[in-house]
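What follows is one structure encoded as structure tokens, with my remarks underneath.
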Amino acid sequence: MLSYVLRRVLYAVPILVGVSLLTFALFYLTTSPENLARRNISAKNPSPAQIQQWLKDHHYDKSRSEQFKDHMTSLATFRFGTSDATGQPIAETIRRGAGPSFVIGSLVFVTTLYLSLTLAIIAAYFRGTYVDLLTTIVTVLVMSIAYIVYVNVGQYLLGKVLKWGPLTGFEFGLGGLRFAALPVLIGAIAGFGGGARLYRTFLLDEINQDYVRTARAKGVSERAILLRHVLKNALIPLITSTVAAIPSLILGGVVTENFFNIPGLGSALVDAINGQDFAMVRAMVFLGTLLYIVGLILTDIAYALADPRVRLE
Amino acid sequence: MQFTGPDILYNLLALAAFGLLLTAVVRARRQPLWAEAYRRLARNRIAMVTLAVLVLYGLVALLDSVGGTVTKTQTRHTLMDALFQRPAERTYSAPLASMTTGEPKPRRLNQPGTHLLGTDLLGNDVLYQTLKGARTAVVVGGFTSLMSVPVALLLGLLAGYYGRRVDDAVQYTYTVLSSIPDLLLLIAILIMLGPGLTQICVALAVTNFVGLCRLVRGETLKHRDREYVRAAKALGVSDNRILWRHILPNLLPVVIISVTLGFSGLVLAESTLSYLGVGVGQDVGSWGNMIDAARAELARDPIIWWNLSAASVALTLLALSLNLFGDALRDAIDPRLRS
């Protein structure tokens, strides 16, 4: 197991190198530094001196090869430097934002998973009936509505009309649950469609297997077949599609956090967009990639733990 | 009204895109595999209704793509503008209202009772803005697919067919791209390129390419060892011909289904990106921009609901039609895929 994990970590190295090369090309070669400076400085017509000063302050005045060296070494050593907009250290912003993002993100994740799995089980139990058709219609409809429509309408209906919680804000601990109610509920409603559809096919794939016929022949009730035999086996593909998302939870929902004023990484990213903070976006891209790769490795481990047929050698 | 160089180009492009789609549909109908799919589609009532809706959106988008430049102001004036543009009012007004809303002292509108869906903050007719959004949506979905599909097909086919080094290179490319979370990659590309319709399409094409390329590679791998390919090889058909004349036509159904279902995701992504401030920009009418404005509008008293409603309904109807039509298309082309 350990050697397998080590090998997987080593496999990740070329991918991270590729991502660093890609981000370098994107952030240093597509747009001239003068252009970046002009967009970042708030004055309408910055003087050449102002631009030069900005380039110097933010280390954009070095030669390409030096920039390349700096870029690669800073990513390799996890030194993200300072923000292009505020001058704050980026690592500090990330450390502060990760907590709130993780809290809200994992609540949304668990609620969505529960909602979509329940719906998928109902659809699979009543497969081929009107109930099944209804869940299909609901999932397609839910998937066809834009996320920002959900947050706008959701906050208005649940928050302003029904008054189910404060409209925006965040707090750690149990007291924060009232703040979390709206974003979590809205996030789950917006997100369960795709999951429900996918998990339903996982369940239906299993329902036609031989062991189900055997169980039925033994006289096991339809409900027990579904919940005890089929569900267990369907969880294996489900792991692949969910575990990978767990580490990325600290990135948070970008739109949700911004809309509900949650001081997480998603909000920090929107601030970075509004402040034309290229260094921050660069750091977030690298962090996001890293978390995604960690998620993939976790998936493989979870896979081996859940399915005895899988051996990590 | 005059026709400058860019106008002629735009008009030709719009008409060419529309014409090509039409010829492809008509020509495919003559082929046995597709003719069968058409028959199945025609029997499916949902498919026909959603297809009609999609054609309607396409026509509205075409209406806003054909036009010339007004000599006086040097701005582009499309058929849509000629048909639906109205002189601006002062500010918000409810649908069919005769007075403005949101001002301390409501004033009488210039054209009372004629704004079917009301007016927005700047007094523009919401119906006109909503119709304008159709072109943006169709361009975002269509232009993006037009960029990503050929590249994905080329690289996927080569990787799946030749294997070895080519496969390694292609797989490495899309693994790197896919390990960056989609939204982050989109934001990174757009913050560097700046907002705009073309930029959005380029960014979405990059993220869209990954899934397609992986799909094409996998399908090609499956087909590579099929008997018809071996037979062609035994007859001495060149690799090139096998790839483009034998394997490619067999991949098209899967690719078309995937593009149709992916189209709605692209249209929905535009709204999220517009909300985040890396969208099409304020000077392009889009449903994302309209929904984005709703945050302030819903907080007002009395609330401004018509702008959000119009854009949401237009966007949802398009995405829903695409999803339903995509599902129907999948069932029609390959009944075995039916879940």
Side-chain angles (χ1 to χ4, degrees), chain A residues 12 14-19 21-23 26-31 35-36 39 136-137 140-141 143-149 151-153 155-156 160 167 197 200-201 204-205 248 251 254-255 258-259 266 269-270 272-274 276-278 281-282 284-293 296, chain B residues 46 172-173 175-185 187-195 206 261 264-265 267-278 287-288 290-295 297-299 303 305 308-309 311-313 315-324 326-327 339:
Chain A
I15 291 175
L16 284 173
V17 170
V19 170
L21 290 174
L22 190 77
T23 45
L26 185 61
F27 281 89
Y28 291 92
L29 304 182
T30 54
T31 317
N35 251 333
L36 300 186
R39 275 202 251 150
T136 309
I137 293 172
V140 175
L141 188 66
M143 284 163 66
S144 304
I145 300 176
Y147 192 72
I148 54 170
V149 174
V151 287
N152 270 308
V153 176
Q155 192 202 33
Y156 178 74
K160 286 210 185 98
L167 294 178
R197 214 171 134 95
R200 175 177 166 275
T201 55
L204 290 185
D205 279 346
S248 306
L251 290 178
V254 181
V255 175
N258 172 260
F259 196 88
L269 188 61
V270 178
I273 296 170
N274 293 332
Q276 297 283 302
D277 187 346
F278 312 102
V281 176
R282 211 158 53 213
M284 287 289 284
V285 168
F286 192 73
L287 184 71
T289 310
L290 212 62
L291 292 168
Y292 176 79
I293 290 173
L296 287 187
Chain B
I46 294 178
Y172 180 68
T173 311
T175 312
V176 166
L177 282 176
S178 73
S179 10
I180 307 173
D182 272 0
L183 191 58
L184 279 174
L185 185 57
I187 290 173
I189 297 176
L190 285 169
I191 200 173
M192 292 315 288
L193 299 184
V206 173
L261 288 172
S264 68
V267 176
L268 292 174
E270 183 272 321
S271 66
T272 305
L273 294 173
S274 289
Y275 175 85
L276 293 175
V278 283
W287 298 325
M290 292 171 77
I291 301 170
D292 181 23
R295 194 177 178 181
E297 291 169 355
L298 289 182
I303 67 157
W305 50 269
L308 169 70
S309 312
S312 311
V313 168
L315 176 55
T316 308
L317 189 62
L318 177 59
L320 187 65
S321 303
L322 282 165
N323 279 335
L324 289 175
D327 281 347
S339 50

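Quick note on labels: first sequence line is chain A, next is B, and so on, each numbered from 1. This one's a predicted model, so the numbers in the text were calculated from it and none came from an experiment.
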*Would you mind checking which part of A:D277 comes under 4.5 Å of any heavy atom in chain B, side chain (CB onward), backbone (N, CA, C, O), both or neither?*
backbone

*Applying the side chain to side chain contact (heavy atoms under 4.5 Å, CB included) test to A:I273, which of B:L190, B:L273, B:V278 qualifies?*
B:V278

_Closest heavy-atom pair and its distance - A:I293, B:S179_ = CG1-CB, 4.3 Å

*asked:* Between A:V140 and B:D327, does the side-chain contact (heavy atoms from CB on, under 4.5 Å) criterion hold? Intermediate values first, please.
replied: CA-CA 10 Å; A:V140 175; B:D327 281 347; 4.3 Å; yes

*Checking heavy atoms, do the side chain of A:V270, its backbone, both or neither come under 4.5 Å from chain B?*
side chain

*Might you point out which heavy atoms bring A:G18 and B:V176 nearest each other, and give the distance in Å?*
C-CG1, 3.7 Å

_Rounded distance (nearest 0.5 Å) linking atom CD1 of A:I137 with atom CD1 of B:I46_ = 7.0 Å

*For B:S274, what residues pass the side-chain contact (heavy atoms from CB on, under 4.5 Å) criterion, not counting sequence neighbours?*
B:E270, B:V280, B:S286, B:N289

*Measure the spacing between CG of B:N323 and CZ of A:R197 and express it to the nearest 0.5 Å.*
7.0 Å

*Measure B:S264 against the heavy atoms of chain A and call it side chain, backbone, both or neither at under 4.5 Å.*
neither

*Got a second to check how far B:L318's CG is from A:S144's OG, nearest 0.5 Å?*
9.5 Å

*asked:* Given heavy-atom pairs under 4.5 angstrom as the criterion, report whether the side chain, backbone, both or neither of A:V281 touches chain B.
replied: side chain

*Would you give the length of the straight line joining atom CD1 of B:I189 to atom CG of A:L22, rounded to the nearest 0.5 angstrom?*
7.5 Å

*Which bit of A:F286 comes within less than 4.5 Å of chain B, counting heavy atoms only: side chain, backbone, both or neither?*
neither

*So, for B:I291 and A:N152, which heavy atoms are closest and what is the spacing to 0.1 Å?*
O-ND2, 3.3 Å

*Just by distance, do the side chain of B:Y275 and the backbone of A:Y147 share a donor-acceptor pair under 3.5 Å?*
no

_Taking every non-hydrogen atom, the tightest pair across A:V153 and B:L308_ = CG2-CD2, 3.9 Å

_Please give me the minimum heavy-atom distance between B:S312 and A:V149, naming the atom from each residue._
OG-CG2, 3.6 Å

*So how far is it from A:I15 CD1 to B:S178 OG, rounded to the nearest 0.5 Å?*
7.5 Å

_With a 4.5 angstrom heavy-atom cut-off, is it the side chain or the backbone of A:A12 that approaches chain B, or both, or neither?_
neither

*Non-hydrogen atoms of chain A under 4.5 Å away: do they reach the side chain of B:L177, the backbone, both or neither?*
side chain

_Please identify which of these residues, B:L276, B:L184, B:I191, meets the side chain to side chain contact (heavy atoms under 4.5 Å, CB included) condition with A:L269._
B:L184

_So, using side-chain hydrogen bond (donor to acceptor under 3.5 Å, both in side chains) as the criterion, who are the partners of A:T23 when residues are at least two apart?_
A:H71

*Quick one: closest heavy-atom pair of B:S271 and A:A146, and the distance?*
OG-CB, 3.4 Å

